[in-house]
Asker: 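My questions all concern the structure below.
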Amino acid sequence: MIAVLLADDHALVRMGFRLMLDAQPDMRVVGEAGDGAEAVERSRRLRPDVVLMDLHMPGMDGVRATERIIAEQPGVRVLALSTFDLDENVVAALRAGADGFLPKDVSPEELVEGVRVVHRGESAVAPRLLTRLIGTFVRAERPHRPGTRLEPAGLTEREREILVLIARGRSNGEIATDLGVSPSTVKNHVTSLFAKLAVRDRAQAVIAAYEAGLVTPGA
């Protein structure tokens, strides 16, 4: 069973999420929190597998709560939720260690699948939404001169090539087709470059690619 903690300052929203998730045969909601501080405390006490984290809460917001939870419990997966698609807090949450982001108006099926995806250790952010978010917000924070690159050290040429394709929203299958190699080969390269970049998932890898100047929006 996937143990889920709900963190949202609206009781009706938490009730709706609880009804959706408790109806699944492989999930159970183990607790609720109405703000970030409560989410940190209850995560510490209840040890959930996944935290559904609203980013906009009074007091300690979802970004700070995510950072605290991941620092204390690296095995906990955080799925960030926001009312807004293009929200700078989403990138901040991904930097803080969130494993994915979904807008709050997703369908019940998408929400349930998002919980399963992050529980498996994968990113639950739609690739093209992710690149749009990062292209909008990350560049402004780490400006660099055109034509210069702050490339991650230690990557092979093929790993660098795959990182660029990940940052452009390609799935492993699409990358395999683009490069004319097998999906398993791509998966091995992805595992290696994640280790070298010290990132947990595709979301953080895309951030690294944008911050290094390997990809620019619209390229």
Asker: Quick one: NZ on Lys187 to CD1 on Ile175, what's the gap to the nearest 0.5 Å?
Answerer: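 The NZ atom of Lys187 sits 13.5 Å away from the CD1 atom of Ile175.
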Asker: Can you name the residues that form a side chain to side chain donor-acceptor pair (under 3.5 Å) with Gln24, not counting sequence neighbours?
Answerer: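 Testing Gln24 for side chain to side chain donor-acceptor pair (under 3.5 Å), a comparison that skips the adjacent residues, returns Arg116.
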Asker: List in chain and number order the residues that pass side-chain contact (heavy atoms from CB on, under 4.5 Å) with Met20, two or more places apart in sequence or in another chain; answer none if no residue qualifies.
Answerer: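 Testing Met20 for side-chain contact (heavy atoms from CB on, under 4.5 Å), a comparison that skips the adjacent residues, returns Phe17, Pro108, Leu111.
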Asker: Test of understanding: with side chain to side chain donor-acceptor pair (under 3.5 Å), list the residues that count as partners of Arg68, not counting sequence neighbours.
Answerer: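 Expected list: none.
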Asker: How many angstroms lie between CD in Glu38 and CG in Asp9, if you round to the nearest 0.5 Å?
Answerer: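 Glu38 CD to Asp9 CG: 11.0 Å, rounded to 0.5 Å.
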Asker: What distance separates Arg28 CZ from Arg18 CZ, expressed to the nearest 0.5 Å?
Answerer: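 Arg28 CZ to Arg18 CZ: 11.0 Å, rounded to 0.5 Å.
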Asker: Answer yes or no: is there an ion pair linking Arg44 with Glu41, defined by an N-O contact shorter than 4.0 Å?
Answerer: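 No salt bridge links Arg44 with Glu41.
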Asker: Among all residues two or more places apart in sequence or in another chain, which pass the side chain to side chain donor-acceptor pair (under 3.5 Å) test with Thr185?
Answerer: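 Counting only residues at least two positions away or on another chain, Thr185 forms a side chain to side chain donor-acceptor pair (under 3.5 Å) with Ser182.
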Asker: Sequence neighbours excluded, which residues qualify as salt bridge (Lys or Arg N to Asp or Glu O under 4.0 Å) partners of Arg47?
Answerer: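 If we apply the salt bridge (Lys or Arg N to Asp or Glu O under 4.0 Å) test to Arg47, skipping adjacent residues, there are no hits.
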Asker: Using the test side chain to side chain donor-acceptor pair (under 3.5 Å), find all partners of Arg64 that sit at least two apart in sequence or belong to another chain.
Answerer: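 Arg64: no side chain to side chain donor-acceptor pair (under 3.5 Å) contacts found.
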Asker: From Leu52 CG over to Leu102 CG, what is the distance, rounded to the nearest 0.5 angstrom?
Answerer: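 Here the interatomic distance stands at 8.5 Å.
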Asker: How about Glu32: does its CD atom have over 12 heavy atoms from other parts shown lying under 6.0 Å from it?
Answerer: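 Enclosed: over 12 neighbouring heavy atoms sit under 6.0 Å from CD of Glu32.
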